[in-house]
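These numbers come from the heavy atoms of this one structure, side chains and all, not from hydrogens, waters or symmetry mates. In this text, all values refer to a predicted model and were calculated from it rather than measured experimentally. Every chain is numbered from 1, with letters handed out A, B, ... down the list of sequences.
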Amino acid sequence: MKIFVSGGELIAKGAIDAGVRFFAGYPITPASVIYEPIMRELPKVGGVSVGASDEISAISYCIGASLMGIKSMTATSGPGFSLMIESISFALMSEIPVTIVLAQRLGPATGGATTNSQGDLLFAAFSNSGGYPIPIVSPSTIEESYEFTIHAVNISEALRTPTILLTEKEVTMTRKSVELSSLRRPEILDRKVYNGEDEFKTYNFVALEDVPLFSPVGGRYLTRYTGSAHDKKGDLKKDDPEVIEMLHHLKEKIIKNIDKFYFYEYVERNPDILLLSYGITSESVREVSEEESLSYLILKTLYPLKEENLKPIFERYKKIVVVEENIIGSLFILIRHLLGNKGYSLTKVGSLIAPWEIKRFISTL
Amino acid sequence: MRDIFEIIDRPQNFPYCPGCGHTTIDMVLARAIFELGLKNEDFVIVSDIGCVGLVDKLFRVHTVHTLHGRSTAVAAGIKMVDEVLFDNKLKVVVMIGDGGSTIGLLHLVEAAKINVDITVLIHNNFLYGMTGGQHSGLTPKDFKTSTTLNGNPFEPLKIIDILKNSGATFYARTYSQDPELKEIIKEALLHRGFAVVEILELCTGYATRYNEIKGSGLKNMLDNLGGKVKVKEKKESFGEIYKNKFFDGKGEVEFKGIEIDKRVSLKEPLKIVIAGSAGEGVQLAASLLCYSSILAGLNATQKNDNPVTVGSGFSVSEVIISERNIKYSGIEKPNYLIITSIDGFKRVKNLLNLSENVIIDETLTENKSYFRIPARRYLSVRGGPNYFSIGFLFGKFSPFESEIFEKAILKYGKSKEEVLKVFKEGVSLGKSYGVQSPA
């Protein structure tokens with residue numbers, strides 16, 4: 001059975017299938033194609049979807065809903081994401097799961113609403129004050145937007161963290177015939193809740209990478225959530241060894257546990273050149289790879305990256321071409337230190353990178 | 001964590017400066033909560049930034065210490081879920097100062113508008129106490145602060161008036177020493193819907209340093225704002241509205257599948273660009289082309305380009321039809337370029353020389369190497385020029401049977417009969433040019 005859908009509709013469906021039962025948003029192209037179906041469909045499955053007066057309200061509502069134990073999601077684009085980042089820092093610090101869909105468009109500022117771009121990777125990766133890691137996953141096809149929405153929600157729930165689904169206009173707004181049975185549906189993960197008899201601590205962990213067991217606001221254990229520096233109980237503190245431990249925990253929890261959610265696609269063909277890409281540009285890379293018999297690596301977990309995974313792959317090649325649709329070479333910057341003198345950055349802004357442009361670039365190497 | 005009754009009447013247990021109004025308000029709130037006789041677990045205190053945010057440790061209830069100004073919005077999210085999905089028993093109390101009220105003004109306005117069932121206590125001490133006594137949006141005229149040493153030259157925001165006009169169903173304005181404060185807070189907590197209480201109080205760290213004022217002066221300051229107020233109205237709360245208007249909790253979300261009608265083969269992918277004017281049905285026509293391809297057992301992508309104002313200027317759809325899975329969805333060299341208006345013409349001019357076949361409205365060009373057809377004559381039918389042109393494409397080049405496109409019109413189109421007629425006329429014209437198999 002085939003369907004004719006946009007990535008935006010698949011993201012809405014993926015969110016609902018992942019168990020998202022609260023959505024708040026403020027419309028913005030090219031994320032509006034997610035906002036509309038989810039506003040329509042969520043109440044039908046016993047969820048709440050609300051329009052907010054701005055993006056700050058939208059993510060704040062999501063955080064409130066998540067505090068009640070409900071899987072929550074919002075969707076926006078660069079300008080709206082800019083408004084949300086303070087609250088994303090809050091969700092990170094207070095370990096509240098929330099999924100943010102960032103559908104990229106041409107930037108900076110309002111840029112070009114209906115023009116594709118992949119300019120927000122570094123922005124998203126380093127969007128919190130303090131510099132703590134936030135997981136970013138990114139679908140590399142329209143079809144994968146379903147699967148990766150579920151992964152994003154899974155990560156946010158399993159690791160009690162804000163998680164970003166990084167995608168772009170040509171994923172959310174392009175419609176494609178899709179074989180329904182070909183959509184991959186990962187196992188749905190729920191956050192682990194506390195059910196013990198001891199005194200509940202909102203941020204309890206033993207090993208630094210442990211994810212503290214959750215208990216909802218309004219539940220039987222009194223909770224203390226806070227975005228300020230705190231100890232395991234959630235008491236506001238600064239100069240205390242437990243607070244410093246807590247900060248290391250925020251990092252280790254993501255870095256150590258991302259292994260379970262580390263997604264990439266590696267095809268080995270030619271031993272000389274490796275094409276490296278992410279997002280919708282991957283589709284052009286796959287075409288070139290097939291036609292020219294080149295190897296490629298598509299990263300689907302974009303942050304944090306696992307250097308121990310990338311290094312051995314990079315070592316096999318003479319030239320590594322990072323292909324991405326932005327002005328500065330965001331992924332290239334993120335991994336440059338692993339590339340030595342083998343790295344080449346192919347970038348473009350304003351429209352999709354076509355397969356022939358990749359071929360032309362390779363022919364000049 | 002202390003039990004609620006431990007902080008009642010024990011100012012020594014508070015982190016605030018001696019004589020601070022926050023201590024008074026917290027103690028009154030504690031007594032109000034105690035007297036309501038509800039379980040501690042049924043209360044959530046959502047606190048804002050500033051000294052007011054030190055409240056968490058004092059109360060043995062659920063607490064969420066948020067960002068500056070965002071407390072109201074986080075509280076609203078909590079209560080939306082509690083009202084609609086749970087048993088609506090939580091009492092959500094927002095503790096916010098004058099800074100949070102102005103930073104988060106829109107959150108307060110929105111919460112009042114949708115009448116979400118939270119209680120907001122605005123601690124108005126006329127300045128920013130935690131950061132050094134600077135003036136705020138609620139600083140009274142002529143009031144001295146560290147940043148208005150000669151007196152504040154502006155009138156303060158009348159926050160209760162703003163929220164009253166935003167739809168608050170319980171609003172009150174009073175001062176910290178009001179003997180009725182406890183009863184007002186209790187009433188606010190029991191109110192079903194958005195409740196806000198503005199409480200004037202003094203910052204003993206800064207307000208009394210710069211101004212000749214004592215606690216007894218608060219009554220005058222209250223009068224300057226319009227005096228004591230307490231109004232309660234009855235209106236549906238957010239949860240009641242939501243459950244009535246949106247929430248039906250039935251059924252699962254399913255995509256409507258498209259059954260393959262007939263499997264046709266296509267040697268090479270077809271790349272078709274349709275360029276016309278916004279509001280003239282380009283994208284719908286292009287999607288019918290995709291639906292027909294899927295009915296024909298093929299794959300399709302549709303990539304649209306239009307200005308942000310969807311009803312004016314150009315509208316361009318790029319359609320790829322292929323037997324194989326389509327990866328890159330862009331088109332550099334169309335097999336068919338359909339141009340149905342001057343807006344579209346201007347947008348895709350650069351494709352004219354790159355396209356194998358150009359099907360264009362006859363009024364737009366004199367160039368004889370293009371298929372010049374009278375597409376705009378069918379403007380009276382929504383999307384007419386596009387359907388006529390697509391019909392021409394099917395008649396002349398027969399990528400697959402035109403009957404499959406007709407089925408797509410009937411299944412997924414709008415104004416089906418009229419569109420079908422226009423499409424068939426296009427097919428006839430195409431055939432009259434001599435049928436040619438696709439390149």
N/O donor-acceptor pair under 3.5 Å between A:Arg175 side chain and B:Thr301 backbone: no
With the side chain counted from C-beta on, respond yes when A:Arg224 and B:Lys57 share a heavy-atom pair under 4.5 Å apart, and no when they do not. yes
Listed by chain and number, what are the salt bridge (Lys or Arg N to Asp or Glu O under 4.0 Å) partners of B:Arg324, not counting sequence neighbours? A:Glu290
Quick one: what part of A:Pro37 sits under 4.5 Å from any heavy atom of chain B, side chain, backbone, both or neither? neither
What I'd like to find out is whether the side chain of A:Val50 reaches to under 4.5 Å of the side chain of B:Phe238, using heavy atoms alone. yes
Out of curiosity, A:Asn116 CG to B:Asp305 CG, how far, rounded to the nearest 0.5 Å? 11.0 Å
Quick check: under 4.5 Å, non-hydrogen atoms only, which of residues 21-31 of chain A neighbour chain B? A:Arg21, A:Phe22
Measuring only between side-chain heavy atoms, which start at C-beta, is A:Tyr225 closer than 4.5 Å to B:Thr63? no
With a 4.5 angstrom heavy-atom cut-off, could you sort out which part of B:Asn325 is near chain A: side chain, backbone, both or neither? side chain
In terms of heavy-atom proximity below 4.5 Å to chain B, should A:Ile142 be classed as side chain, backbone, both, or neither? neither
Quick one: pull up OG in A:Ser66 and CD1 in B:Ile78 and give me the separation to the nearest 0.5 Å. 10.0 Å
Closest approach of B:Leu298 and A:Ser177, non-hydrogen atoms and distance? O-OG, 4.4 Å
Using modelled atom types only, decide if a donor and an acceptor are shared between the side chain of B:His62 and the backbone of A:Gly219 within a distance under 3.5 Å. yes
Do you know the tightest heavy-atom contact between A:Leu352 and B:Gly330? CD1-N, 4.2 Å
Any side-chain heavy-atom pair of B:Val64 and A:Leu67 under 4.5 Å: yes
Which atoms of A:Arg220 come close to chain B, meaning under 4.5 Å heavy atom to heavy atom: side chain ones, backbone ones, both, or neither? backbone
Part of A:Leu236 lying under 4.5 Å from any heavy atom of chain B: both
Look up atom CZ in B:Arg60 and atom CG in A:Leu222, then write down how far apart they are to the nearest 0.5 Å. 5.5 Å
Using modelled atom types only, decide if a donor and an acceptor are shared between the side chain of A:Ser60 and the backbone of B:Arg70 within a distance under 3.5 Å. no
Which portion of A:Ile3 sits near chain B, non-hydrogen atoms under 4.5 angstrom: both
Does NZ in B:Lys91 sit with more than 12 non-hydrogen atoms of other residues, nucleotides or ligands closer than 6.0 Å? yes
Can you tell which part of A:Thr141 gets under 4.5 Å to a heavy atom of chain B, answering side chain, backbone, both or neither? neither
Taking B:Ile260, B:Val84, B:Asn306, B:Leu85 one by one, which has the highest count of heavy-atom pairs under 4.5 Å against chain A? B:Leu85
Return the set of residues passing salt bridge (Lys or Arg N to Asp or Glu O under 4.0 Å) with A:Glu265 (not counting sequence neighbours), or none when no residue passes. A:Arg286, A:Lys300
Close side-chain approach of B:Tyr328 and A:Ile280, heavy atoms under 4.5 Å: no
Which residue out of A:Ala113, A:Ala354, A:Gly227, A:Gly234 racks up the most heavy-atom pairs below 4.5 Å with chain B? A:Ala354
Among B:Thr66, B:Asn304, B:Val44, single out the residue with the greatest number of heavy-atom pairs under 4.5 Å to chain A. B:Thr66
Counting only heavy atoms not in B:Lys113 (residues, nucleotides, ligands), do more than 12 fall under 6.0 Å from its NZ? no
A:Val5, part contacting chain B, at a heavy-atom distance under 4.5 Å: side chain
Side chain proximity check, A:Met68 to B:Phe86, heavy atoms < 4.5 angstrom: yes
Looking only at heavy atoms, what is the nearest atom pair of A:Ser53 and B:Glu110, with distance? CB-OE1, 3.4 Å
Could you check whether any side-chain heavy atom of A:Tyr61 comes within less than 4.5 Å of a side-chain heavy atom of B:Lys79, counting everything from C-beta outward? no
Using 0.5 Å steps for rounding, measure from the CE atom of A:Met1 to the CZ atom of B:Phe255. 13.0 Å
When rounded to the nearest 0.5 angstrom, what is the spacing between CD1 in A:Ile70 and CE in B:Met80? 14.0 Å
Side-chain contact test, heavy atoms from C-beta onward, threshold under 4.5 Å: evaluate it for A:Ile56 versus B:His107 and give yes or no. yes
Which atoms of A:Thr115 are under 4.5 Å from chain B, going by heavy atoms: the side chain, the backbone, both sets, or neither? neither
Under a 4.5 Å heavy-atom cut-off, does chain A meet the side chain of B:Ile258, its backbone, both or neither? both
Check whether B:Tyr242 reaches the backbone of A:Ser49 with its side chain - one donor and one acceptor, N or O, closer than 3.5 Å. yes
Pick from A:Val217, A:Val178, A:Thr281: which one has the most heavy-atom pairs with chain B under 4.5 Å? A:Val217
So for B:Glu332, is it side chain, backbone, both, or neither that comes closer than 4.5 Å to the heavy atoms of chain A? side chain
If you count heavy-atom pairs within less than 4.5 Å of chain B, which of A:Ser6, A:Ala58, A:Gly218 leads? A:Gly218
Portion of A:Glu9 that has a non-hydrogen atom of chain B nearer than 4.5 angstrom: both
Got a sec, which pairs hit salt bridge (Lys or Arg N to Asp or Glu O under 4.0 Å) with one end in residues 47-67 of chain A, sequence neighbours left out? none
B:Asn299 and A:Lys176 side chains, donor-acceptor separation under 3.5 Å: no
Separation of B:Leu295 CG from A:Phe4 CZ (nearest 0.5 Å): 11.5 Å
Does B:Lys303 pair with A:Glu170 as a salt bridge, N-O distance under 4.0 Å? yes
